[in-house]
Structure formats: structure tokens, C-alpha cells
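Data first, discussion second: the structure below is written as C-alpha cells.
From a predicted model like this one, the values you see are computed outputs, not experimental measurements. Convention: sequence-line order gives letters A, B, ...; per-chain numbering from 1.
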Amino acid sequence: MFKSRLNFILEYLLNLPLLKVTIMLEITRIRNEKDRLIEDLKKRGQDFSSVINQISEFDEQWRSKKTELESLLAESNKISKEIGELFKSGKIDEANVAKNKVATFKAREQELKGEVDQLNDEIQRLLYDVPNVPQDIVPEGMTDQDNEVVEEIGSKPNFDFEAKPHWDLAAEYDLIDFELGVKVTGAGFPFYKGKGAKLQRALINFFLAEAEQAGYTEYIPPFVVNEKSGYGTGQLPDKEGQMYYVGEDDFYLIPTAEVPLTNIYRDVIIPENEFSKKMTAYTPCFRREAGSYGKDVRGLNRLHQFDKVEVVRIEHPSKSEEALEEMLDHVRGLLTKLGLHYRILRLCGGDLGFTSAITYDFEVYSAAQERWLEVSSVSNFETYQANRLKLRFRDENGKTQLCHTLNGSALALPRIMAAILENHQTNDGILIPEPLHKYLTFRKIR
RNA sequence: GGAGGAAUGGUAGAGCGGUUGAAUACACCGGUCUUGAAAACCGGCAUACCGAAAGGUAUCGGGGGUUCGAAUCCCUCUUCCUCCGCCA
């Protein structure tokens, strides 16, 4: 089992065929604007100059070897054709002379091919280590302390009683059973019960309805994906340990609907500006989240399985900034309608995801825990994912160009659930926000 | 899980190991004709990479092999279809 998986990965990485180049950051960018890339990547708090210089060096060697190889092949091909004609016209002796001549090329061809392949593999491997380039407005900084608060909406609720954390409320009203989850599966896999389950379902319905309203097409995708899809959106090889793996069949449980949704367009050339592609899906999300502990994981704060409604967009490069703004508006609307106090952060370079060019996080205030909880992350990946996916469109000149991809949570359920329980609690129950009324038969949990 | 069959360009569908990157048809794009459209006729129409260009290289599901030469032969993997079994 394990062996077959290793083989697959090895095959994928090492046998990338000579001309089927799947690259991450486009190699052309390294050729054309190397110094600028190195400079811009510094914002991530890491120096990528040695990797990039190494890639650049290998790339030059690769090109010169490749040119040599190809001219040799051209010569062989030409002679082979002539041999065919010689045989046809019965000039067997001449044909045999030519055959011997071609044979002398063989060794050099083999040698060059080996070198070209090896250089190519090496370049691919190195490219996987280079993250996306942060946009200009991404703030400098190393940790979440350096994230920039760009907006804060609403105000902290005032209670004339001691606000309870959601795990106490969940127990009191019998909404979520964490211990039962531990028994049946393990920590981080809670059961939602009764009104807790219904509230969860209402939220999903609400989010999907809002997404539809905003023009997103709803999908119900597979909840497991293959290895290629993992590479396509960049979960592999970078975050391999984060995903649950089904060894028997070489599948990964999805950590987000982004993976199946975006991979719909893997190896696709979108015809004549059929933009925008707007997709939404509700899915459970599975994350191993190795290394988490303490108060961060208490209650619903961090789970191995959680529900999320995701929105994904595929855009013309000139339209992706606008699309990002629309997505931010969409998420703002959701939180406002639910009556939650929230803020928006622009992530700093050091906190930015590997594949993202810019990310905004939405955080809701947890009244009882007195802290901010991340409920949404909205990102523009520009061409980074599209390059891995080979997701392109045809421009007006008929040339293929990479699309931009974006996605965002709209929204992740557990912390929204937590925030609703905590912020809408009263002395005698929990008030259901108005937009959810039509999905529920009760207005208050008591 | 067992037994068979198949995989070629946007689609359909040819292709004795040697001018096949690939016939043909449809679709699509441009043009002629037409008041306009249709029809007819003419032309164009895969992708990627290297190259300033000329041009070259690679690709007929993936990988490997035989050969001077492979869409065509061999091995292997994957996927799909048909039949049987199992099953929500």
C-alpha cells in the first residue's frame, strides 16, 4: 500500500515527461524578472534567491542541452526518412551506409536525453519550493501579529450576565456532543444533535442560497480526490500531512471544496472568454491539523471534520481584483446578516498561504472567549494554481494564457456556530438570527 | 471481484512499420456570391517547448521496449464499455 503510493509520487515527480511541463511559478517569470521575484518574495520573510538562482542556472543548461539534442534528433529524423526512400528504390547498399551513420548518433542522443531529463526534473523539484509572489499591498511581517486590520464592523456585545463559551452552551442545550465524537471516532469529530444539527443545516442552506443569489453555480463534488487534484490546487506536495489519506485507493479526503471545484478546470482551455466561472459547494472538510493543542482546539475552535460552504472563481487576469472585491462583499453580507461583530485582516507576507498572492481573513468576535475566530479566508491565487492546473483561456489573438483563480469560505460553519451561540445568548436561550428563520421551525433555542 | 472489448484532433471516424501531425465528415473561423440569410464554392482550423527568425523537437490514453524509422509490433499501467457477481 505504502509502497504503491510512494511509487506514484516518484513517478509523478520524476517521470514528468520532457515536454509536459507542470510548473508552479511560471518558469518564464524566473527568466524575465528574476531579480524582482527575489525581491518581492522577501516579503514572506524568507530568502528565495538561492533557489531561484539555481533554477535559473539549470534552466540555461537545460535550454542549451535541449537545443543540441533537438538538432541531433532532427538530423536522425532526416536520415531515417532518406533510408525509407532508398529501400523503396532498391538502393539497399546506400541504405545500409546511412543506417550505420545514424547509429553513430545514438550514444550522444541517449546521453543528452538523460541530461535534459535530469535537468528538467531538477527544475520541477525546485519550482515546487517557490511560493506565490505576494501582491504589492500585502504588508510586510512574519506572524499573525503583523496582519493588517483593514476593517472592523459592528461592536462587541454587552451582556448583563456572564457570557458562557459555546462548549458550555452546547452542553446545556444539548446541541453538540464532543465526548460522543471521541468515543465513536476521536477528538475533533463532534456529533451535532437535535437543534444543533438543525441549526447547522440551516446555516448551510442560508449560505448556499446567498451564494446562488450572488451568481454561483452549486455543486456537490466528491469528498475524496486523487493525487493529481491534490497537486493541482497545491495541497500536494506542500501540505501532504494535513490531508487524510486513503491508502487502499490512493485517495485524499478533501480539506476544502476548493480542491474538487478548482480541479474541474484542470487541463482545460476555457473557450473565448467564457468568464467568469463561479462555483459554490457545501462539503465536509477533513483536516489532520497535526500539532494543534490547548485552548485553540477547545470546543468548535478547531476540528478534524467540519462543514464549509466554499466559493471558487475562475477569472480573466484583468478581472481578478474586481472579483476579489466582490467576494469580500459577499462574505461581509453574510456576517452582517447574521448580526455578528467581525473584522477583516489583510494577511502579511509571513502569514500568507504558500499558493496565495493575497489573502483576506474574516474573524468574528467570540464574546465569551474574548477572542477573534477566523471564519473565512478569501484569496487570489492569480496564475499560480492555474499554472499547476494548466487552466487557460484563449485571448483575442488566439493565444493561450493562464487564468486567475480565487476562492473563499462563505462560510466555515463551526466557528460561526460558536459565534452565534455565544453572541446571541440570552438568559433563557439562544436567539436565532432572522435570515435563518425560514429554514427552521424555532426562533430560539431553549 | 471474474470474463471479454476499446482508447486517434472540438466531435464522429480512417489509418499494409517509412514524405502521417495524421484521410474523410461534421462543427468552427475567414472570404466569394447574396438586399440579408441559407445553399454553393474557395481558404483556414491541435497542443507544448526550443529559437531573434528561418525553422526544429515532442505528442495518436500514460510509461517503457523493439527498429535506422512506430499511431501502426511487444510489455506494463490507467481509464471507459459489455456480460456476470456483490451492493446503497
Side-chain angles (χ1 to χ4, degrees), chain A residues 3-24 26-32 55-56 58-110 112-117 119-121 123-124 127 220 222-229 231 248-251 263 265-274 383 386-403:
Chain A
K3 187 161 174 279
S4 82
R5 179 184 175 206
L6 274 180
N7 283 344
F8 188 96
I9 297 170
L10 279 175
E11 192 180 319
Y12 194 90
L13 290 175
L14 299 179
N15 291 348
L16 278 169
L18 181 56
L19 296 143
K20 263 202 168 170
V21 191
T22 5
I23 45 182
M24 295 44 269
E26 301 109 278
I27 187 85
T28 48
R29 281 176 76 179
I30 290 182
R31 281 179 200 155
N32 299 333
I55 292 172
S56 176
F58 283 157
D59 181 52
E60 255 167 56
Q61 292 175 26
W62 175 74
R63 282 192 282 176
S64 94
K65 299 270 185 197
K66 187 176 153 74
T67 306
E68 191 185 341
L69 173 63
E70 287 186 355
S71 59
L72 210 55
L73 284 172
E75 183 72 12
S76 294
N77 286 345
K78 198 176 133 226
I79 298 176
S80 290
K81 263 182 194 167
E82 287 165 8
I83 292 173
E85 279 159 34
L86 290 172
F87 271 123
K88 263 191 195 164
S89 54
K91 298 174 181 164
I92 309 294
D93 291 344
E94 283 180 52
N96 283 326
V97 170
K99 263 166 98 163
N100 291 333
K101 188 175 175 195
V102 177
T104 62
F105 294 166
K106 275 286 164 190
R108 183 61 184 151
E109 272 177 24
Q110 284 296 323
L112 275 171
K113 187 172 186 310
E115 287 171 0
V116 167
D117 285 351
L119 281 166
N120 186 53
D121 293 344
I123 291 167
Q124 297 312 312
L127 277 170
I220 300 179
F223 299 161
V224 293
V225 293
N226 58 28
E227 201 119 23
K228 268 191 181 172
S229 295
Y231 277 94
E248 192 79 26
D249 297 295
D250 254 328
F251 289 147
N263 273 284
Y265 288 97
R266 171 154 47 82
D267 292 321
V268 168
I269 297 174
I270 294 180
E272 303 282 337
N273 283 321
E274 243 184 52
T383 56
N387 187 43
R388 286 198 185 188
L389 291 160
K390 283 189 276 167
L391 162 53
R392 292 160 296 171
F393 68 97
R394 234 172 257 289
D395 66 16
E396 56 282 356
N397 301 319
K399 297 262 286 181
T400 54
Q401 282 190 39
L402 294 171
C403 301

query: Is there a side chain to side chain contact (heavy atoms under 4.5 Å, CB included) between A/Leu69 and A/Lys65 once you walk through the steps?
result: CA-CA 6 Å; A/Leu69 173 63; A/Lys65 299 270 185 197; over 6 Å; no
The test is side chain to side chain contact (heavy atoms under 4.5 Å, CB included); show your working for A/Lys113 and A/Asp117 and say whether it passes.
CA-CA 6 Å; A/Lys113 187 172 186 310; A/Asp117 285 351; 3.1 Å; yes
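If you take CD of A/Glu109 and P of B/rU57, they are 11 Å apart, rounded to a whole angstrom. Distance CG (A/Asp267) to P (B/rG61): 16 Å, rounded to an integer number of Å. Here the C1' atom of nucleotide B/rU67 and the CZ atom of A/Phe87 are 11 Å apart, to the nearest Å. Between A/Lys81 atom NZ and B/rG21 atom C1' the separation is 10 Å, expressed in whole Å. Atom CG of A/Asn32 is separated from atom P of B/rA52 by 12 Å (rounded to the nearest Å). Rounded to whole Å, atom P of B/rU57 lies 16 Å from atom CH2 of A/Trp62. At whole-Å resolution of the value, NZ in A/Lys66 and P in B/rG51 are 9 Å apart. Following rounding to the nearest Å, A/Glu227 (CD) and B/rC77 (C1') show an atom-to-atom distance of 15 Å.
Around the CD1 atom of A/Ile220, the shell of radius 6.0 Å holds no more than 12 heavy atoms that belong to other residues, nucleotides or ligands.
Summarising the geometry of A/Thr383 relative to A/Arg29, their closest heavy-atom pair is OG1-NH1, 4.1 Å, with the distance given to 0.1 Å. In this structure, A/Arg392 and A/Cys403 approach most closely via the heavy-atom pair C-SG, 3.6 Å. Between A/Ser229 and A/Asn263, the shortest heavy-atom contact is O-ND2, 2.8 Å. Closest heavy-atom contact between A/Phe58 and A/Ile123: CB-CG1, 3.6 Å. The minimum heavy-atom distance between A/Ala386 and A/Leu402, with the atom names listed, is O-CD2, 3.7 Å. The minimum heavy-atom distance between A/Arg31 and A/Asp59, with the atom names listed, is NE-OD2, 2.6 Å.
Of all nucleotides present, none satisfies the Watson-Crick or G-U wobble test against B/rA37 with each distance under 3.5 Å. As the counterpart of B/rU19, no nucleotide is assigned, since no Watson-Crick or G-U wobble pattern has both distances under 3.5 Å. Of all nucleotides present, only B/rA7 satisfies the Watson-Crick or G-U wobble test against B/rU78, with each distance under 3.5 Å. When both pairing distances are held under 3.5 Å, B/rA54 makes no Watson-Crick or G-U pair with any nucleotide shown. With both pairing distances under 3.5 Å, B/rG1 is matched to B/rC84 as a Watson-Crick or G-U wobble pair. Across all strands shown, B/rA46 pairs with B/rU59; the Watson-Crick or G-U wobble distances both stay below 3.5 Å. Pair assignment for B/rA12: B/rU24, on the basis of Watson-Crick or G-U wobble contacts that are both within less than 3.5 Å.
Rounded to whole Å, the separation between the C1' atoms of B/rA14 and B/rU47 comes to 22 Å. Look at the P atom in both B/rA46 and B/rA25: the space between them is 16 Å, to the nearest Å. Across B/rC74 and B/rG17, the matching P atoms stand 11 Å from one another, rounded to whole Å. B/rU76 and B/rC28 have their P atoms separated by 44 Å, with the value rounded to a whole Å. Distance noted for atom C1' between B/rG9 and B/rC60: 9 Å (whole Å). Comparing the P positions of B/rC81 and B/rG13 gives a spacing of 16 Å, expressed to the nearest Å. Rounded to a whole angstrom, the distance from the P atom of B/rG21 to that of B/rG4 is 36 Å. Annotation: B/rA23 and B/rG31 have their C1' atoms spaced 25 Å apart (nearest Å).
In terms of position along RNA chain B, the nucleotide closest to A/Glu85 lies nearer the 5' end than the nucleotide closest to the other residue of the pair A/Glu75 and A/Glu85. Along RNA chain B, the nucleotide nearest A/Ala74 and the nucleotide nearest A/Thr400 are compared for position; the residue whose nucleotide lies closer to the 5' end is A/Thr400.
Using a 4.0 Å heavy-atom distance criterion, A/Leu73 is classed as a sugar-phosphate-only contact. Residue contacts for A/Ser76: at a heavy-atom cut-off of 4.0 Å it reaches no nucleic acid atom on any strand shown.
Salt bridge annotation for A/Glu85-A/Lys81: absent, with no cationic side-chain nitrogen under 4.0 angstrom from a carboxylate oxygen.
OP1 or OP2 of B/rC50 lies within a sub-4.0 Å distance of a side-chain N or O belonging to A/Arg31. Put simply, A/Arg392 has no side-chain N or O that comes within less than 4.0 Å of OP1 or OP2 on B/rU47. Between A/Asn77 and the phosphate of B/rA58, there is a side-chain N or O to OP1/OP2 separation shorter than 4.0 Å.
Taken residue by residue, residues 88-108 of chain A places heavy atoms nearer than 4.0 Å to RNA chain B at A/Lys99, A/Val102, A/Lys106.
When the nucleotides B/rC49, B/rC68, B/rG51 are ranked by their closest atom to the side chain of A/Ser80, B/rC68 comes out on top.
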